[in-house]
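All values derive from a computational prediction rather than experimental measurement. Residues take their numbers from the sequence shown, with the count starting at 1.
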Amino acid sequence: MDEKIRRIALAEKFFADGDPRGMRAVAREVFDMNPKSAEGPAIMAEAALYLGNFDEAEMLAHDALLLESNNLRARLVLGGIAAEKFDLKEEFSILRKVIDDSRKNIYTLKNSLLESRRKIFAVKKPGESGKDVAKENEIEMLVSLNKKILCKALCFISNGLYLAGDPQAAADSLREASTLTDNEERAAELYSKHLFFRNYRGMSPGVMKETAKKYNDFFANTIPFSHAKHNYSPNKKLKIGYISPDFRQHAVANFVLPLLKDFDTDNFSVTCYNTGKRDSVTEKLKRNHVSWRDLNGRNLRTITRIISEDKPDILVDLSGHTQNSCLPIMAFKLAPVQISAIGYTATTGLNATDFFISDKVCLPEPEQSTGFTEKILRTQNCCLCYAPGVIRDMPPAGVKAPVLKNGFVTFGSFNNFAKVSDDVLYVWRAILDELPDAVLVIKNKICSIESGREILLERLKKLSFPVGRVEMRPYSPDYLEQYRDIDIALDTFPYNGGLTTCEALYMGVPVIALRGRSHGARLAASILTSADLKELIAQNQMEYVKKAVQVGKKKELIAGYHAGLREHLLKSALMDSRGYMSELEKCYREAWKIFCEKSPE
């Protein structure tokens with residue numbers, strides 16, 4: 001096999017190990033072997049990209065392209081640089097061509113491989129077979145190298161597509177990427193992210209369940225921990241473990257304080273397993289009377305050992321298929337009962353997860369929970385309890401509605417733009433058509449990026465949206481204060497707002513939401529029900545428009561919401577942490593009872 005190909009394969013190994021400096025050392029060797037080869041500077045450019053040296057990476061990539069105008073790796077680097085700079089249009093232009101060319105190369109190389117194998121079977125002269133086998137090995141290596149570049153390009157572009165509001169294309173890219181890596185851990189991570197992105201667009205519960213079940217295949221060889229010697233007493237004091245990467249400045253932190261502060265200390269003990277980075281929010285949460293294990297930076301073997309030695313009765317995962325998921329840890333079945341809750345809105349698909357916490361609105365009891373591999377445990381009120389103030393001091397609500405000053409109603413959406421489907425935009429357009437003086441404020445990360453604003457504007461124009469009545473605001477730390485500029489918030493569907501809905505209500509802004517057909521599509525309806533604001537829930541898109549228009553025409557009603565909504569919320573079930581914990585602990589007891597009844601004496 002060509003020595004240069006071997007060296008390139010070694011550079012890829014360093015990449016897989018997270019060692020860009022090792023990549024750079026190999027790149028120098030490749031360059032010394034042949035200064036006229038584009039691979040040396042291309043690998044150096046890729047290493048510089050991962051080290052954050054973007055100017056150097058760009059210069060080296062262009063050097064490589066001078067030597068080989070279509071070099072895939074150099075073009076990949078330029079696409080990666082565009083991604084780092086949030087130049088979405090440039091990123092898509094470069095990476096789509098890299099993806100297409102990589103696929104073509106793989107197809108051509110596989111055909112060459114088939115031809116080589118035909119020659120081996122048809123060999124007639126002594127010695128020719130060995131040459132063909134060597135050639136076949138070289139072709140297989142080239143196929144592998146092209147797959148690795150394709151995988152990287154798909155991962156880069158998936159993040160850009162998600163940011164640009166195309167989560168379905170992002171999900172498709174990640175699904176393909178998961179099939180291109182030889183590393184099972186990495187493949188599982190990519191497929192998990194694929195599942196997360198699938199939530200942003202409508203999908204039947206049955207399809208979602210079958211898609212999620214494939215995630216469990218990545219852990220087919222995982223040997224679960226044994227709990228044969230566990231204490232099976234149904235009435236014992238239960239040891240609850242909460243595992244999450246998000247005991248920090250993260251959306252989940254707004255819902256975890258009741259778990260640590262208001263639990264029944266006579267019947268439960270609590271240990272937090274923090275797999276993420278620590279910050280000031282972490283320190284605030286640690287002040288509660290719970291045990292704490294900081295596991296960030298520990299390898300999987302050490303993490304599983306520490307948790308198993310604590311012998312939790314119930315381990316509750318708060319991450320699901322979100323970033324830095326704890327599901328690979330949960331796959332080891334570290335507790336007799338394992339539950340998914342709060343941080344994720346759909347099934348995990350993981351056999352080791354026994355139960356999922358929902359509620360009577362998200363998944364009404366008469367309904368068959370066809371979308372879940374887990375058994376469903378339901379709280380009476382919302383499965384979330386909003387407890388703000390851990391991340392930052394909450395600003396006063398805007399008592400005076402903007403419509404009283406402006407004379408026209410201002411709608412707003414501060415949701416992640418990936419949640420804004422075309423159906424959502426059509427409904428919002430219909431609302432503005434009915435209220436010709438109304439305006440819409442869209443505030444999120446895509447509006448912080450010049451190319452993102454261009455993509456958003458093009459999309460709105462394509463849907464005949466009245467763009468002159470749309471204000472695009474960039475994300476900013478004072479986003480809560482900016483709710484004082486909004487009369488009515490418009491929720492997204494089928495992926496509802498969770499924290500966004502709670503924050504809008506807490507800032508005195510009523511939220512119009514659509515009750516959908518899945519747990520995640522009914523979360524806002526559950527929040528509004530627990531907040532005793534059922535009048536803001538629509539059952540279909542036509543009713544969504546009707547409710548938004550009706551409220552938008554009533555200045556006094558809007559003013560009343562703004563003046564009294566926070567006080568109303570504080571007295572509601574949505575913020576009743578002790579009532580919430582009582583319901584949640586009933587779920588834990590129910591799950592433990594089911595386990596004990598199935599377990600041998």
Find out whether Met507 and Leu505 are in side-chain contact, i.e. whether some heavy atom of one side chain is under 4.5 Å from a heavy atom of the other. no
Return yes when atom NZ of Lys284 has more than 12 non-hydrogen atoms of other residues, nucleotides or ligands closer than 6.0 Å, and no otherwise. yes
Calculate, to the nearest 0.5 Å, the distance between atoms OG and CG belonging to Ser530 and Asn381 respectively. 4.0 Å
Tell me whether the NZ or CZ atom of Lys152 lies within the 45° cone about the ring axis of Phe15 and under 6.0 Å from its centre. yes
Thr275 vs Asn296, side-chain hydrogen bond (donor to acceptor under 3.5 Å, both in side chains): CA-CA, chis, key distance, verdict: CA-CA 4 Å; Thr275 62; Asn296 183 42; over 6 Å; no
When the ring centroid of Tyr232 is compared with that of Phe595, is the distance short of 6.0 Å? yes
With Tyr544, which residues qualify under ring-ring contact (aromatic ring centres under 6.0 Å, His included), at least two apart? Phe493
Could you pull out every donor-acceptor pair under 3.5 Å between side chains of residues 384-394 and any protein atom, sequence neighbours left out?
unit_1 : atom_1 : unit_2 : atom_2 : d
Arg392 : NH1    : Pro477 : O      : 3.4
Arg392 : NH2    : Glu481 : OE2    : 2.7

Indicate whether any N or O donor in one side chain lies under 3.5 Å from an N or O acceptor in the other, for Ser476 and Lys443. yes
Identify, with sequence neighbours excluded, every residue that meets ring-ring contact (aromatic ring centres under 6.0 Å, His included) alongside Phe219. Tyr215
Quick one: do Lys286 and Asp294 make a salt bridge, cutoff under 4.0 Å? yes
Can we say Glu189 and Arg186 salt-bridge, meaning some charged N sits less than 4.0 Å from an Asp/Glu carboxylate O? yes
side-chain contact (heavy atoms from CB on, under 4.5 Å) for Ile240 and Glu585? Distances and angles first, verdict last. CA-CA 10 Å; Ile240 309 297; Glu585 287 166 350; over 6 Å; no
Thr347 and side chain to side chain donor-acceptor pair (under 3.5 Å): which single residue from Glu374, Lys213, Lys209 fits? Glu374
Are the side chain of Arg589 and the backbone N or O of Pro234 linked by a donor-acceptor pair below 3.5 Å? yes
Per the ring pair (Phe, Tyr, Trp, His ring centres under 6.0 Å) rule, which among Phe255, Trp292, Tyr242 passes with Phe247? Trp292
Could I get the full list of side chain to side chain donor-acceptor pair (under 3.5 Å) partners for Asp310, not counting sequence neighbours? Tyr273, Arg293
Across all chains, not counting sequence neighbours, the salt bridge (Lys or Arg N to Asp or Glu O under 4.0 Å) partners of Lys586 are Glu583
Lys214, NZ: over 12 other non-hydrogen atoms inside 6.0 angstrom: no
Please confirm whether the backbone N or O of Leu174 pairs with a side-chain atom of Lys193, one donor and one acceptor, at under 3.5 Å? no
Any chance you could lay out the side-chain contact (heavy atoms from CB on, under 4.5 Å) test for Val441 and Asp485, step after step, and finish with the verdict? CA-CA 9 Å; Val441 174; Asp485 299 334; 6.0 Å; no
For Glu543, the side chain to side chain donor-acceptor pair (under 3.5 Å) test, sequence neighbours excluded, returns none
Check the pair Ser572 / Asp532 against side-chain hydrogen bond (donor to acceptor under 3.5 Å, both in side chains), numbers first and verdict last. CA-CA 7 Å; Ser572 73; Asp532 195 21; over 6 Å; no
Can you confirm whether Gln539 is buried at CD, in the sense that more than 12 heavy atoms of other residues, nucleotides or ligands lie under 6.0 Å from that atom? yes
Holding to salt bridge (Lys or Arg N to Asp or Glu O under 4.0 Å), I want the full list of residues that pass it with Lys333, two or more places apart in sequence or in another chain. Asp354
Can you tell me if Thr304 uses its side chain to pair, donor with acceptor, with the backbone of Leu300 under 3.5 Å? yes
Taking atom NZ of Lys239 as the centre, does the number of heavy atoms from other residues, nucleotides or ligands within less than 6.0 Å exceed 12? yes
Could you check Ser319 against Asp317 for side-chain hydrogen bond (donor to acceptor under 3.5 Å, both in side chains), going step by step and ending with a plain yes or no? CA-CA 6 Å; Ser319 64; Asp317 170 46; 2.6 Å; yes
Decide yes or no on side-chain contact (heavy atoms from CB on, under 4.5 Å) for Thr211 and Arg198, but give the supporting numbers first. CA-CA 9 Å; Thr211 305; Arg198 285 292 296 267; 3.9 Å; yes
Decide, yes or no, whether a salt bridge links Lys236 with Asp313 under the criterion of side-chain N to carboxylate O below 4.0 Å. yes
Who are the ring-ring contact (aromatic ring centres under 6.0 Å, His included) partners of Tyr495, not counting sequence neighbours? Tyr200
If the condition is ring-ring contact (aromatic ring centres under 6.0 Å, His included), which residues does Phe411 pass it with, not counting sequence neighbours? none
Using the side-chain contact (heavy atoms from CB on, under 4.5 Å) rule, take Ile243 and Ile307 through it: C-alpha gap first, then chi angles, then the decisive distance, then the call. CA-CA 10 Å; Ile243 184 167; Ile307 297 175; 3.9 Å; yes
Taking the six-membered ring where the residue is Trp, are the ring centres of Phe263 and Phe268 under 6.0 Å apart? no
Test side-chain hydrogen bond (donor to acceptor under 3.5 Å, both in side chains) on Thr181 and Asn183 and set out the steps. CA-CA 5 Å; Thr181 176; Asn183 186 317; 5.6 Å; no
Output yes when a side-chain donor or acceptor of His562 lies under 3.5 Å from a complementary backbone atom of Leu557, and no otherwise. no
To the nearest 0.5 Å, how far apart are CZ in Arg175 and NE2 in His194? 6.5 Å
Considering all heavy atoms, the nearest Gly508-Leu565 contact: C-CD2, 3.6 Å
Could you tell me whether a side-chain N or O of Asp17 sits under 3.5 Å from a main-chain N or O of Asp19, the two making a donor and an acceptor? no
Going by atom types only, do Asp423 and Ser421 share a side-chain donor-acceptor pair under 3.5 Å? no
Asp491 (side chain) donor-acceptor with Ile512 (main chain) under 3.5 angstrom: no
For the atom pair SG (Cys383) and OH (Tyr580), what is the distance rounded to the nearest 0.5 Å? 7.0 Å
Tell me the ring-ring contact (aromatic ring centres under 6.0 Å, His included) pairs involving residues 325-348, sequence neighbours left out? His321-Tyr344
Any salt bridge (charged side-chain N to carboxylate O under 4.0 Å, His left out) involving residues 242-253? Give me the pairs, sequence neighbours left out, ordered by first then second residue. Asp246-Arg248
Is it true that a side-chain atom of Ser448 and a backbone atom of Tyr475 form a donor plus acceptor pair closer than 3.5 Å? yes
Is it true that Glu283 and Arg287 make a salt bridge, defined as a side-chain N closer than 4.0 Å to a carboxylate O? no
Show the atom names and distances, to 0.1 Å, of all donor-acceptor pairs under 3.5 Å that link a side chain in residues 497-504 to residues at least two apart or in another chain.
unit_1 : atom_1 : unit_2 : atom_2 : d
Thr501 : OG1    : Gly497 : O      : 3.0
Glu503 : OE1    : Tyr479 : OH     : 3.3
Glu503 : OE2    : Tyr479 : OH     : 2.7

Students often mix this up, so state it plainly: with edges at 30° and 60°, are the rings of Phe356 and His519 parallel, tilted or perpendicular? perpendicular
